[in-house]
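Have a look at the structure below, then the notes.
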Number of protein chains: 4
Amino acid sequence: MIMTKNLSQIKESVFQANLDLPNSGLVKLTWGNVSFIDREEQIIIIKPSGVPYQSMTPENMVVTDLDGNVVEDNLKPSSDLSTHVVLYKNFPKINAVVHTHSKWAVNWAQSGRDIPAYGTTHADAFYGDVPCTRSLTTSEINGDYEAATGNVIVETFSKRNIEPLSIPAVLVNGHGPFTWGETLSKAVENSIILDEVAEMALHTEALSYNRRISQDLLDKHYYRKHGLNAYYGQKGSTKNFI
Amino acid sequence: MIMTKNLSQIKESVFQANLDLPNSGLVKLTWGNVSFIDREEQIIIIKPSGVPYQSMTPENMVVTDLDGNVVEDNLKPSSDLSTHVVLYKNFPKINAVVHTHSKWAVNWAQSGRDIPAYGTTHADAFYGDVPCTRSLTTSEINGDYEAATGNVIVETFSKRNIEPLSIPAVLVNGHGPFTWGETLSKAVENSIILDEVAEMALHTEALSYNRRISQDLLDKHYYRKHGLNAYYGQKGSTKNFI
Amino acid sequence: MIMTKNLSQIKESVFQANLDLPNSGLVKLTWGNVSFIDREEQIIIIKPSGVPYQSMTPENMVVTDLDGNVVEDNLKPSSDLSTHVVLYKNFPKINAVVHTHSKWAVNWAQSGRDIPAYGTTHADAFYGDVPCTRSLTTSEINGDYEAATGNVIVETFSKRNIEPLSIPAVLVNGHGPFTWGETLSKAVENSIILDEVAEMALHTEALSYNRRISQDLLDKHYYRKHGLNAYYGQKGSTKNFI
Amino acid sequence: MIMTKNLSQIKESVFQANLDLPNSGLVKLTWGNVSFIDREEQIIIIKPSGVPYQSMTPENMVVTDLDGNVVEDNLKPSSDLSTHVVLYKNFPKINAVVHTHSKWAVNWAQSGRDIPAYGTTHADAFYGDVPCTRSLTTSEINGDYEAATGNVIVETFSKRNIEPLSIPAVLVNGHGPFTWGETLSKAVENSIILDEVAEMALHTEALSYNRRISQDLLDKHYYRKHGLNAYYGQKGSTKNFI
């Protein structure tokens, strides 16, 4: 049972978060999508498939159940919906997912490499290298492709024992980035940061004396912004939902 | 016999498509041109030569017959018209052609290399490497140069057995890109995508573990957007003309 | 005893200088901070921590004493305040400090390298290579980290015998740039110039015949803009405070 | 004897041409200058030194005689005036000069290399590689530096037997580009084109199969835009002054 008033607010928020992608220069044409999960109401709200940003409205946002079945007779959801669904099922602390083809993150995905933690800009948001998944197998590609994309992300975090909120980003091999967060704004912000550190890492390597920052510098920057002893920012500002 | 009302609408569409090039950052100064063919009316409508975008009007669009002879006493057509004419004659399914000197595609053209299909951003639009033509011979350059440019494109697609709508883009060796499509908007969109994947491919190579994506991932991404079993986007949205 | 009228003017100036960072493309999200010291009134005015630029007001600027203790009950100051405090104590001629994560300067900081003086654009602002500090030790990172960041900058300038106003910029190893100046506008301008020459230096190296400019060309460009015999610009324009 | 009405029109044109530099992204801060010579009236009109573009007015343009002596009691002229004067004296067909520190051209100047003619974008404007001068000697730097900068440009064109209007651009070694033309708009346009082809050439080399385009392709593209047999653009459009 969905409360109509709340739903229209969520649709508006998901709509705005989707618009943030082209406005931040992360998305060209229709190459991106943002979704939000309301775990109490048991619904997912996601961008419709292939609708230009200029003509998109909050009402166009598509509502599905937790398995990705459309619950309102409306536009088709983003074709990447199944990937979002898998992430929500396996990463219970996240409430928003963003997918883009932002160019610098894509470069790393296409090269099949993790983005190394070369500096504190990276460490402020990601506690370690941003992982790149293995390539999908032929049967994964020819089966339920978008779900397989989600599964290989989950596999990557599981095998490497990474907590999804400590590194809220991944590169899908040969494809591009997904990011997430506890809130819509955090998930979008992580996409912005990911593309910036992806560009920095590429040029850092070009300057040839590359090395990861030390573990203690990584710890310092990450934990002054995250966790119980964080002291960056104003009090109480880290827990705002949506 | 040209229907005046329809012609002025087509001129307006061709004018707008030409403006999309500088607005998308693909074209500086006057370095680009878009044309449209109305195969029923047997006319080609193309940007005039060397007119700045700021002062250009829909009425300035030049109308020619299918051999490129101007049929209205107006401005001179783009000096690349003969290339467009050759493409329309040899690629019967295309209705719009775009030429730019967009910088990332030009880099590949100047290096004389195909753009490899390094990722799904590429696969979503181009079913395989975007081909670069051979260099023109001295006699081709000193003869009907612009027609020879069209002919070497046709030769490239013919020799490699590429269907022009499956890879709606080419790099002319030492020169720059041409793209095309069934509609004006698709042809322009292909220029935008081409420059983006050209940039990504260059930086992907810089990251050194490069390889093409697998054939089945290429198939998956291309065919979820194209052909009978496409499921990306809203129903019925892929066939809009102009 | 702070004169209220003057203070509100300084807050406005510090606020504007902070806004100059995102407006110049040097700062994304909240990744930057500018401070000003009023050495007569013995106060430092600095950006608050983690406040978005869109909602920031001049009143939000935080006032501290010369040790960085907040003297107005207000927002928390930038978490980098201690670095600014160390710089003001050790570099008595500077009155403004800027910190950013501007991408091209960060690339050099992440590679742990000085930015070489490859051209006159560099020489116009910086009299020699822009130094990169050593890495911080584990105990420095786990102690008073932000003060240690200031100390390693001071150490770098002291060991290399560099006058801070002759090279008003530094790269903190693995982190990013700090710049300063006699005035707010000069400190911000130095951040703009630093990022530009950092980009130029990276691409100059890519072009492979790199070498520093000669000492006398460095002297010529620096001293036609700086010092008693400067003849660049209009008379009397180099000494405006704030 | 200067005709006042005409002079104010020229000042307005020089002012607008100077504004075109930051508007085209070629110039940051005050790093550029444009001048115009009225060979009949025997005056040079140039941007004042170090005046921000935002506060500059047409009246601020400085008028000098053909030796660079200020003939109106006004602001100081650009410190690069002497370079412009040398170019006007030695290149009698040019009527406008532009100097910038545009980043891609500067990269080549800092690497001390000519920009190779890698493609038709280059050939459309420059009939061959854009030359980079030798470095200035210590005595040239410490003498009349700005005149020496002009002299080394003239020496470069003379030794290599280049007609200044066939390659209306140069890189001063370790410094940056100068461009020129018969008109103000052509000189500014050449700066725009120079920076674009400088960027393309750098990335073309990164793609590793680099080679100059053939002499006949260079001839074709240059001469379809220039000279008696040019057929690009509208009739009579290539000779507009100012």
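Residue numbers begin at 1 in each chain, while the letters A, B, ... track the order of the sequences. Hydrogens, waters and symmetry mates play no part in the numbers below; they use all other heavy atoms, side chains included.
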request  = Anything under 30° is parallel, anything over 60° is perpendicular, the rest tilted; go ahead and classify D:His203 against C:His203.
outcome  =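 The rings of D:His203 and C:His203 stand perpendicular, inter-plane angle above 60°.
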
Go through the atoms of [X] and report whether side chain, backbone, both or neither lie under 4.5 Å from a heavy atom of chain C.
X        : answer
D:Glu199 : neither
D:Ser78  : neither
D:Lys28  : side chain
D:Pro48  : both

query = For C:Asn229, does the CG atom have more than 12 heavy-atom neighbours from other residues, nucleotides or ligands under 6.0 Å away?
reply =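 Atom CG in C:Asn229 is not crowded, with 12 or fewer foreign heavy atoms closer than 6.0 Å.
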
message = Using 0.5 Å steps for rounding, measure from the CG atom of C:Leu207 to the CG atom of D:Asn107.
response =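 With rounding to 0.5 Å, CG (C:Leu207) is 6.0 Å from CG (D:Asn107).
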
ask   = So what's closer than 4.5 Å to chain D heavy atoms on C:Leu202: side chain, backbone, both or neither?
value =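 Contact with chain D is absent: no heavy atom of C:Leu202 under 4.5 Å.
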
request  = Decide, yes or no, whether a salt bridge links C:Arg224 with D:Asp80 under the criterion of side-chain N to carboxylate O below 4.0 Å.
outcome  =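 So C:Arg224 pairs with D:Asp80 through a salt bridge.
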
Side chain proximity check, D:His101 to C:Thr120, heavy atoms < 4.5 angstrom =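 In short, these two side chains touch, coming nearer than 4.5 Å.
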
key: Counterpart residues, ring-ring contact (aromatic ring centres under 6.0 Å, His included), relative to C:Trp108 (two or more places apart)   =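 Not a single residue meets the ring-ring contact (aromatic ring centres under 6.0 Å, His included) criterion with C:Trp108.
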
task = Check the pair C:Ile193, D:Trp31 against side chain to side chain contact (heavy atoms under 4.5 Å, CB included), reporting the backbone distance first and the verdict last.
result = CA-CA 11 Å; C:Ile193 298 172; D:Trp31 301 347; 3.4 Å; yes

Qualifying residue, where the test is side-chain contact (heavy atoms from CB on, under 4.5 Å) with D:Gln110 and the options are C:His122, C:Met200, C:Glu205 =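 Exactly one option meets the side-chain contact (heavy atoms from CB on, under 4.5 Å) with D:Gln110, and it is C:Met200.
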
